[in-house]
Amino acid sequence: MSVITRAEPGARTKLPPEQPSIPQRKGGTAGYWLYLLPGFVLLLVIVIIPLIFNIYLTFTEWRGVRTPEFIGLENWFKIFTDEDFWTSFTNSVWMVLAMVVIPTTIGLIVAALLFDVVGRKFGGKVGSFLRATYYLPQILPIAVAGIVIGWMFRPGATGSVNQMLAVFGIPAYDWLGQMPSALLVLMGVLVWVQLGYPIVVFMAALQRVDPELYEAAELDGANWFQRFSAITMSIIRPEIFVVTLTCTIAALKVFGPVYIITQGGPAGATLVPAYYAYTEFFTKRNIGYGATIATVLTVLVVVVSIIFIRVQNSMERKERAGL
Amino acid sequence: MAATTAIVTAGKTRERPRGGMTKKRAIDWLLFIAVILGALVVMVPFYLILVNAFKSPVDYATSGPFALPQAIDFTGIQAFWERVNFPQKVWNSIFISGTVAVLAVVISLLNAFAIGIGRVRGRSWIVLLFLMANLLPQEALLYPLYYMFKSVGLYDSVWSVIIVFTVIQAAFGTYLLASVLGTFPKEVLEAASIDGATRWQILWRVVFPITRPTLSVLLIFFFIWTWNEFLIPLTFLPSNASQTVPVAISVLTGDRLMDVTTTAGAALLSIIPTIIFFLIFQRTLTRGITAGAVK
């Protein structure tokens with residue numbers, strides 16, 4: 001496996017506590033700070049200061065003109081009784097299902113099939129080609145995916161899905177205009193977009209499997225499922241971890257598909273935190289409240305990342321102890 | 001999208017040895033067919049884009065979305081092309097993504113040089129700090145940045161988006177490169193240093209050429225990620241003259257009057273650049289990864 005794959009958000013970031021790699025003439029490592037300067041200044045201006053400003057805004061009422069008015073914890077109290085806020089976070093659970101749980105599960109099966117059955121019995125070229133096919137939606141700008149999906153699920157007889165169903169005598173349906181179909185369509189799109197990611201990562205991970213392992217298991221009479229659970233799953237566990245972490249964060253932050261496909265509708269039923277914050281900023285002009293939602297989302301993302309990294313570290317430690 | 005790792009591992013396409021390709025049982029065929037069916041389902045929207053982009057509205061009305069066009073017709077594509085001034089949108093996207101990719105790689109390299117090779121004190125915290133920029137929901141920066149850009153006159157300028165994404169992409173690049181450079185062969189650096197090279201010379205004459213494959217992978221993915229970004233360009237680039245391809249197409253969605261063939265034409269035009277780019281660089285990616293895992 002490449003160094004690069006290990007260098008993922010879930011992986012360890014600590015470097016060995018050595019001297020700098022280049023022998024030092026004078027001044028130790030201090031001179032290297034100069035190289036960090038441009039990156040740091042940019043980070044400060046574009047990330048750190050705005051982030052602090054955003055937190056400050058959560059204590060204010062602001063329409064975006066004149067100066068923000070300090071109102072203490074009002075926004076924070078409002079959040080607890082705001083039904084839309086809770087809906088948006090409940091919907092995040094659905095987004096996690098659609099962007100993490102389902103794609104990872106299907107991706108695991110498809111990757112194993114492509115590698116173990118298609119790759120071995122039908123040739124690696126066929127396997128690579130199919131993998132690229134599954135990956136294609138990932139390189140599609142979500143805005144483009146969104147308008148095509150919106151058009152496929154158009155209400156009435158002009159929607160292509162309705163036209164297809166008409167062949168079977170099923171009457172036209174307003175897919176995006178009512179629940180639960182709007183949420184289901186949105187989730188379906190996310191599964192479709194996300195699927196290629198775990199497949200590609202898992203297939204790369206499977207390159208580590210020694211083919212003899214499979215052959216030996218096969219000779220011992222293990223069936224496909226037994227080989228899958230005993231060999232495949234244990235080898236690609238680190239990748240499952242990375243995929244789960246990165247996709248969970250992406251699912252919590254999801255914005256584009258909601259903005260384009262459902263606009264949070266019908267009646268707020270597909271609202272997600274990122275989209276909710278966006279509408280508070282730019283549609284309703286409640287900047288302070290939008291900032292509060294964005295801050296809660298940020299805290300959630302950070303907490304989830306920390307939990308993931310902790311769990312992974314403790315798993316790694318156990319593994320090393322077991323060896 | 002959460003395409004981070006995929007990208008980096010995507011290149012590794014070495015095929016396994018093809019032992020036992022002859023023994024195909026019924027169950028293998030069944031599974032093979034299942035995987036192909038799945039791939040076909042994934043391709044349905046692409047198929048719909050492709051066939052309907054070349055239909056005339058009349059053709060679409062009579063034959064429906066799934067049939068092949070009766071005659072090749074460019075009115076949908078043409079309508080979109082003219083309506084949004086497509087060449088300009090493509091140029092905006094190329095300019096933004098290209099500039100971001102180059103700048104972010106340079107910043108990543110400078111940062112990673114200090115962290116991975118210089119091993120400055122507190123480096124794991126520094127890496128974490130940079131990584132945060134990549135992890136944060138963009139909404140948490142959105143309004144302050146919007147306000148800042150408005151006050152300094154960068155609002156509605158492609159440079160606002162370029163600066164923001166340079167920082168966000170460089171954050172990931174720093175994280176990734178810092179650990180790659182952390183394992184950089186020490187002997188090479190020592191040799192250069194004994195020959196009297198300064199740090200700056202070592203960075204550009206030794207570290208840069210050796211890590212170039214990894215850098216080119218980063219470059220390509222920064223380009224694609226930036227190309228596909230949506231929220232920030234949507235917010236900071238309201239006017240027609242500065243919009244990117246994804247924003248231009250999303251603006252059209254609101255337009256219910258647009259007919260299906262124009263929509264399909266728009267979608268087709270918008271994916272072509274990404275697909276071409278991806279196809280051209282697939283090989284670079286493969287090479288990049290194998291070489292990028294600095295021995």
Side-chain angles (χ1 to χ4, degrees), chain A residues 2-5 7-8 13-15 20-23 29 32 35-36 39 42-43 46-47 50-51 53-54 113 117-119 121-122 124 128 130 133-134 138-144 147-148 151 160 163 197 200-201 204 211 242 246-247 250 253 255-256 260 274 277 281 287 294 297-298 301, chain B residues 2-6 8-10 12-13 15-16 21 24 28 31-32 35 39 42 45 49 64-65 107 110-111 113-114 117-120 124 127 133 136-137 139-141 143-145 164 167 176 179-180 182 186 189 193 228 230-231 246 249-250 253 260 263 267 270-271 274 278 289 292-293:
Chain A
S2 60
V3 172
I4 294 176
T5 325
E8 269 305 311
T13 52
K14 287 211 180 78
L15 298 160
S21 302
I22 303 176
T29 64
Y32 285 102
Y35 292 85
L36 278 175
L42 278 171
L43 188 74
I46 299 299
V47 178
L51 194 64
F53 190 21
N54 188 71
L113 285 178
V117 178
V118 179
K121 308 255 165 122
F122 297 87
S128 302
L130 285 168
T133 311
Y134 278 102
Q138 276 268 311
I139 61 162
L140 191 67
I142 191 64
V144 179
I147 79 158
V148 174
W151 151 59
S160 37
Q163 289 201 352
Y197 171 60
V200 167
V201 176
V242 167
T246 48
C247 291
K253 299 198 288 190
F255 171 80
I260 292 157
F281 285 142
I287 317 306
L297 181 60
T298 309
V301 167
Chain B
T4 43
T5 358
V8 193
T9 42
K12 217 176 175 182
T13 55
E15 284 150 33
R16 327 177 14 170
M21 247 181 75
K24 286 178 208 134
D28 295 330
L31 293 169
F32 185 47
V35 179
V42 169
I49 292 174
I107 303 266
L110 291 174
N111 287 344
F113 184 66
I117 287 177
R119 305 199 194 266
V120 292
S124 29
V127 170
L136 287 176
E139 281 78 7
L141 313 173
Y143 209 89
L145 286 175
V164 173
V167 178
L176 196 136
S179 66
V180 171
K186 217 171 171 165
L189 298 171
S193 175
N228 287 350
F230 184 64
L231 172 67
I249 195 170
S250 83
T253 21
V260 167
T263 313
S270 318
I271 39 178
T274 339
F278 197 73
I289 291 304

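Heavy atoms only: backbone and side chains are in, while hydrogens, waters and symmetry mates are out. So that the names make sense, note that chain A is the first sequence line, chain B the second, and so on, each numbered from 1.
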The reported gap from CD1 in B/Ile49 to CG in A/Leu140 (rounded to nearest 0.5 angstrom) is 6.0 Å
How about A/Val148 and B/Thr263: do any of their side-chain heavy atoms sit closer than 4.5 Å?
no
So, A/Tyr32 side chain and B/Ile117 main chain: donor-acceptor pair closer than 3.5 Å or not?
no
So, the part of B/Val167 with a heavy atom under 4.5 Å from chain A: the answer is side chain
_Quick one, A/Val144 and B/Pro246 - any side-chain contact, counting heavy atoms below 4.5 Å?_
no
What one should report as the nearest heavy-atom pair of A/Thr133 and B/Val42 is O-CG1, 3.8 Å
Under 4.5 Å to a heavy atom of chain A? For B/Leu136 that would be both
In short, B/Ala39 meets A/Tyr134 closest at the heavy-atom pair N-OH, 3.1 Å
| Side-chain contact, heavy-atom cut-off 4.5 Å: A/Lys121 with B/Phe32? | no
With sequence neighbours left out, the residues meeting side chain to side chain donor-acceptor pair (under 3.5 Å) with B/Asn228 are none
Here the pair of heavy atoms bringing A/Pro50 nearest to B/Leu145 is CG-CD2, 3.7 Å
Closest non-hydrogen atoms of A/Phe53 and B/Pro144, given as atom of the first, atom of the second and distance, are CD2-CB, 3.4 Å
Between the CD1 atom in A/Ile142 and the CG atom in B/Leu231, the distance rounded to the nearest 0.5 Å is 13.0 Å
